[in-house]
Amino acid sequence: MLVPSLQKLLAALRRLPGVGPKSAQRIGYHLLRATREEATELARAVVALKDRVGLCSVCGNVAERAEGVSDKTPLECPVCADPRRDSSRLLIVEEPYNVEAFQKTGVYDGLYHVLGGLFDPLAGVGAVELGLDALARRVSGGSFREVILATSPTTAGEATASYIHELLKPLGVTLTRIAVGLAPGADVDYADEISLRLALEGRREYGSIGR
Ligand SMILES: [Zn+2]
């Protein structure tokens, strides 16, 4: 029989993605043996994440509230806050960690738009849930010349890209799709930097011959 505090911790750990009962036990007992400083550092990092980190009000990327700034102030991510970014190009990705991956390629200096997922009819995720009307407003009100669709070449990724293409086509921007480097069905999430760079550099106009 576990003591209540340990039981509670293990239950919380088991709710984390990829953590089964065995891993929860390992982490729990590791924390039990850790110094108070180590454990406090982890606890503080989790609380700080929840208190200060949220999604950018412009692009949906991860953003952090500066010390002393009211929690009523809309968050702005480091990319949107950087005036040196090329505001004529917009790269559409699924998740905030995809922004990180494209940033690491070092070849893209435009802006991003994070969908926060892909079409998933079974889970009830569609245009409304992905905030695609906000995306259309952002593109029509911005100075973008090119919008790059960088969702994964999976069924859900292609369906989402196709919908966005139809949605943004009337706005007169050039719509491109990341291409080579990612095998069909491969996931943007797991692509390495070189594959992502090739996919980005090899992008073609959406729907062009050879896709
Ligand atoms: Zn942003």
Side-chain angles (χ1 to χ4, degrees), residues 17 45-120 125-152 156-157 160-161 163-169 171-178 182 187-193 195-197 199-201 203 206:
V46 174
V47 174
L49 181 80
K50 297 314 293 175
D51 284 352
R52 297 177 50 181
V53 178
L55 298 181
C56 174
S57 60
V58 180
C59 75
N61 186 18
V62 175
E64 179 153 6
R65 197 180 311 284
E67 202 90 54
V69 172
S70 147
D71 59 5
K72 302 279 186 293
T73 312
L75 288 173
E76 192 180 35
C77 77
V79 176
C80 289
D82 185 350
R84 292 164 303 181
R85 305 292 302 196
D86 176 0
S87 60
S88 74
R89 284 189 293 162
L90 185 68
L91 182 71
I92 300 180
V93 294
E94 295 159 34
E95 300 291 347
Y97 47 78
N98 300 136
V99 171
E100 214 35 57
F102 278 106
Q103 282 294 94
K104 281 193 190 138
T105 65
V107 293
Y108 181 73
D109 65 351
L111 298 172
Y112 293 92
H113 193 91
V114 183
L115 298 170
L118 292 174
F119 278 177
D120 185 352
V125 179
V128 174
E129 288 70 25
L130 297 181
L132 297 187
D133 52 339
L135 168 64
R137 277 198 303 276
R138 187 178 178 203
V139 171
S140 68
S143 52
F144 303 111
R145 284 201 312 271
E146 181 187 5
V147 174
I148 307 159
L149 299 161
T151 52
S152 297
T160 309
Y163 186 97
I164 295 173
H165 170 248
E166 290 303 316
L167 181 73
L168 302 183
K169 203 165 56 172
L171 301 177
V173 288
T174 300
L175 286 142
T176 55
R177 180 86 172 102
I178 54 164
L182 286 181
D187 211 305
V188 166
D189 291 359
Y190 301 110
D192 58 74
E193 281 164 48
S195 304
L196 273 189
R197 182 164 60 77
L200 192 57
E201 288 174 343
R203 68 186 183 273
Y206 190 90

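As the structure lists them, so they are numbered: ligands from 1, and atoms in each ligand from 1.
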Contacts of Leu118 meeting side-chain contact (heavy atoms from CB on, under 4.5 Å) (sequence neighbours excluded), chain-then-number -> Glu94, Thr151, Thr154, Ala156, Thr160

key: Listed protein N/O/S atoms, distance to the Zn ion (ligand 1) under 2.8 Å   =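 Only Cys56 SG, Cys59 SG, Cys77 SG, Cys80 SG fall inside 2.8 Å of the Zn ion (ligand 1).
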
**OP:** Give a yes or no on whether the backbone of Tyr163 and the side-chain of Glu166 come within a donor-acceptor separation of less than 3.5 Å.
**Re:**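 Checking the backbone N and O of Tyr163 against the side chain of Glu166, no donor-acceptor pair under 3.5 Å is found.
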
Counting only N and O atoms by type, is there a donor-acceptor contact under 3.5 Å from the side chain of Arg85 to the main-chain atoms of Gly110?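 Present.
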
### Message
Looking at Arg89 and Asp109, is there a salt bridge between them, counting it only when a charged N and a carboxylate O are closer than 4.0 Å?
### Response
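Answer for the salt bridge query: yes.
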
Q) What heavy-atom pair brings Tyr108 and Gln103 nearest, and what distance separates the two atoms? A)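 Nearest pair, atom of Tyr108 first, then Gln103: O-OE1, 4.0 Å.
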
Rounded to the nearest 0.5 angstrom, the CD1-CG distance for Ile164 and Leu132 is 5.0 Å

